[in-house]
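Worksheet: one structure, shown below.
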Amino acid sequence: MAATTPLGNVVSKGVNAEFTSVDLFALPEAPAMSSVATEATAWKGDVLFVALTEDAYDAEAKALKVPALEGFSQAVTATILDLLDDDEFKLKSGSSKIFNTCGSSTAKNICLVGLGSKEDLAKEKTWGKSAWQDLGAAMKSVSKSNKFKSAGLLVPGEHSPAIQDVCNGLLLGSYESTRFKSKQKDGSTGTLKSVDVLGSVADMDAHVSNAVALAKGITMARYLVEAPPNVASPKHLADCAALIAKTFPDLFELKVLGRKECEDLGMGCYLAVGEAADTQPQFIHLKYKGPGSTDASPKIGYVGKGVTFDSGGYNLKAGAGSMIEMMKFDMGGSAAVLGSALAIGGLKPSNVEVHFIVAACENMISGAGLRPGDVITASNGKTVEVNNTDAEGRLTLCDAIVYAGKQGCTTIVDIATLTGACMVALGMKIGGLYSNTDELAEGLKGAGGVHGEKLWRMPLEQEYMALLKSPVADMKNTGIRWGGSITAALYLQEFVPEGTDWAHIDMAGPVWDEKEGGATGFGVGTLAQYAVSRSS
């Protein structure tokens with residue numbers, strides 16, 4: 001009997017037969033996490049993590065200020081003091097030191113992890129990763145490198161651990177892409193099977209459940225972004241949406257439109273981009289209706305750029321710095337949207353309706369392809385002169401934004417790896433945020449801040465609209481080199497239905513981080529948290 005092909009591995013074109021036996025959407029199992037009443041000195045397992053703020057050690061007196069550690073044996077206490085006396089180990093956030101207890105403790109190993117200053121720990125987190133996320137990431141890294149299966153966590157003092165943040169770091173830290181390697185390393189996704197948090201933690205199970213739901217969404221987004229373009233075709237994205245709908249059948253409805261249906265809707269801009277590709281366009285519409293949602297519930301549209309490979313078209317990406325070899329990540333916006341859908345399915349925010357929309361295609365070259373100078377028509381009737389085929393993302397997004405408006409979405413957020421100009425402006429760690437309302441902009445920045453995703457608001461400078469004027473059409477798809485991220489946002493704003501709150505996130509920089517394992521899953525946390533914030 002022929003083996004069935006796992007969901008998501010069939011593409012219209014691509015040399016990927018060697019991956020048909022691999023379930024490319026299989027997510028790693030999260031370790032079991034629970035709070036226990038066990039004293040630190042009595043806990044048994046592979047490694048006990050002890051999280052300390054910078055003031056936990058008095059360097060002058062060479063003494064600990066942590067009563068919870070006083071019950072350990074003299075040998076263990078002496079080793080802890082020796083480690084803390086190291087001038088290079090200052091308990092900065094995420095820093096760690098580990099030692100083997102050699103039988104002098106029921107814990108086989110003890111690892112000290114820094115939480116930074118007590119003052120910083122007490123502040124509300126609004127920018128970047130929290131010390132608790134750093135703690136979780138350190139736990140993952142240490143456990144993975146030492147192949148530990150069981151871990152305990154002690155946070156002495158008055159600070160109760162922010163368990164959801166700790167779980168976030170633990171589940172997502174030390175990411176390693178292995179799905180396309182011929183030999184899988186043991187423990188590449190981590191070996192931890194259980195984590196005991198010592199002491200009482202309010203709503204422990206709920207915090208862990210929410211963290212796992214978000215981690216699954218971020219991991220799925222990483223999977224989609226890192227996948228090679230001969231695998232991650234438009235059909236692959238549609239299959240991912242199908243998997244989400246199948247996983248949560250009571251919450252999601254899926255509709256995937258093909259070329260004919262998109263033609264009937266007048267999506268001339270979107271279809272023009274994929275005209276040269278051998279793969280078929282897939283217009284994905286995944287609809288979430290939260291428990292208790294009604295016609296009066298908030299209706300949010302998330303629109304993600306889904307160009308699964310961007311050659312640049314006739315404006316071919318060529319030469320040093322073109323990044324053509326990395327253009328598999330030009331669907332990072334769609335990965336954020338689909339990843340947030342998976343996360344939201346697990347979080348189950350009530351009284352909110354969310355539409356996840358992706359106009360998926362490839363931007364390739366052929367005799368039938370889009371040419372510089374062509375005039376095409378969007379689904380709202382606007383005509384666009386294409387003066388650069390490598391500014392294709394906005395052409396796909398504009399038809400998707402119009403479609404979102406027709407679904408009754410009163411709030412629309414599009415997210416895309418849209419411009420190199422935003423990378424120049426904000427670097428590789430920060431996404432650019434544009435919005436036509438202050439309330440939406442602040443809501444998204446706050447949502448991103450909860451999970452450590454950095455967004456910086458950029459101006460919608462209306463004077464720059466003049467740069468998009470065309471002598472032969474309603475507008476051009478690009479302006480001049482300078483302010484390219486702004487003119488891209490201004491172009492998209494032209495397709496937002498009147499009276500709609502709208503935001504555009506340019507995630508070209510933070511979509512990828514080579515030092516952190518490649519694909520980041522950026523955007524999932526922001527979109528998921530914003531939907532939760534709009535629920536009842």
Any side-chain heavy-atom pair from [X] and [Y] closer than 4.5 angstrom?
{"X": "Leu490", "Y": "Tyr434", "answer": "no"}
{"X": "Ile412", "Y": "Pro497", "answer": "yes"}
{"X": "Leu257", "Y": "His285", "answer": "no"}
{"X": "Met33", "Y": "Met204", "answer": "yes"}
{"X": "Pro471", "Y": "Glu385", "answer": "yes"}
{"X": "Leu251", "Y": "Pro291", "answer": "yes"}

Counting only N and O atoms by type, is there a donor-acceptor contact under 3.5 Å from the side chain of [X] to the main-chain atoms of [Y]?
{"X": "Tyr530", "Y": "Gly448", "answer": "no"}
{"X": "Asp374", "Y": "Val386", "answer": "no"}
{"X": "Ser350", "Y": "Gly290", "answer": "no"}
{"X": "Arg179", "Y": "Ala26", "answer": "no"}
{"X": "Thr308", "Y": "Pro229", "answer": "no"}
{"X": "Asp399", "Y": "Cys269", "answer": "yes"}
{"X": "Lys305", "Y": "Thr417", "answer": "yes"}
{"X": "Glu461", "Y": "Glu463", "answer": "yes"}
{"X": "Asn477", "Y": "Asn387", "answer": "yes"}
{"X": "Thr520", "Y": "Pro510", "answer": "yes"}

Any idea how [X] and [Y] line up, ring-wise: parallel (<30°), tilted (30 to 60°), or perpendicular (>60°)?
{"X": "Phe25", "Y": "His236", "value": "tilted"}
{"X": "Phe248", "Y": "Phe252", "value": "tilted"}
{"X": "Tyr175", "Y": "Tyr223", "value": "tilted"}

Does either side chain, that of [X] or that of [Y], offer a donor lying less than 3.5 Å from an acceptor on the other one?
{"X": "Thr419", "Y": "Asp506", "answer": "yes"}
{"X": "Thr383", "Y": "Asp474", "answer": "yes"}
{"X": "Tyr288", "Y": "Ser293", "answer": "no"}
{"X": "Asp134", "Y": "Ser93", "answer": "yes"}
{"X": "Asn168", "Y": "Trp132", "answer": "no"}

Does [X] [atom1] have over 12 foreign heavy atoms under 6.0 Å away?
{"X": "Tyr464", "atom1": "OH", "answer": "no"}
{"X": "Glu29", "atom1": "CD", "answer": "no"}
{"X": "Glu124", "atom1": "CD", "answer": "no"}
{"X": "Lys469", "atom1": "NZ", "answer": "no"}
{"X": "Asp264", "atom1": "CG", "answer": "yes"}
{"X": "Lys129", "atom1": "NZ", "answer": "yes"}
{"X": "Gln462", "atom1": "CD", "answer": "yes"}
{"X": "Trp127", "atom1": "CH2", "answer": "yes"}

Non-hydrogen atoms of [X] and [Y] that approach each other most closely:
{"X": "Gly432", "Y": "Met458", "result": "CA-CG, 4.1 Å"}
{"X": "Ala531", "Y": "Tyr302", "result": "N-OH, 3.5 Å"}
{"X": "Leu527", "Y": "Ala336", "result": "CD1-O, 3.9 Å"}
{"X": "Phe522", "Y": "Gly431", "result": "CZ-N, 4.2 Å"}

Report task. Identify whether the distance between the nearest side-chain nitrogen and carboxylate oxygen of Arg457 and Asp438 falls below 4.0 Å. Result ->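 A salt bridge is present here (some side-chain N lies under 4.0 Å from a carboxylate O).
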Query - Pair Glu275 + Arg371: basic N to acidic O under 4.0 Å - result: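 Looking at Glu275 and Arg371, the cut-off is not met.
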Once you round to the nearest 0.5 Å, how far does [atom1] of [X] lie from [atom2] of [Y]?
{"X": "Lys476", "Y": "Tyr491", "atom1": "NZ", "atom2": "OH", "answer": "13.0 Å"}
{"X": "Gln133", "Y": "Lys125", "atom1": "CD", "atom2": "NZ", "answer": "4.0 Å"}
{"X": "Gln493", "Y": "Ser435", "atom1": "CD", "atom2": "OG", "answer": "9.0 Å"}
{"X": "Ser233", "Y": "Glu362", "atom1": "OG", "atom2": "CD", "answer": "7.0 Å"}

Report task. Among Val358, Ile415, Asp414, find the one that has a side chain to side chain contact (heavy atoms under 4.5 Å, CB included) with Leu397. Result ->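 For Leu397, the side chain to side chain contact (heavy atoms under 4.5 Å, CB included) test succeeds with only one of Val358, Ile415, Asp414, which is Asp414.
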Query raised in the report: Of Leu237, Thr396, Asp310, Leu395, which meets side chain to side chain contact (heavy atoms under 4.5 Å, CB included) against Cys361?
Result: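 Among Leu237, Thr396, Asp310, Leu395, the one that satisfies the side chain to side chain contact (heavy atoms under 4.5 Å, CB included) with Cys361 is Thr396.
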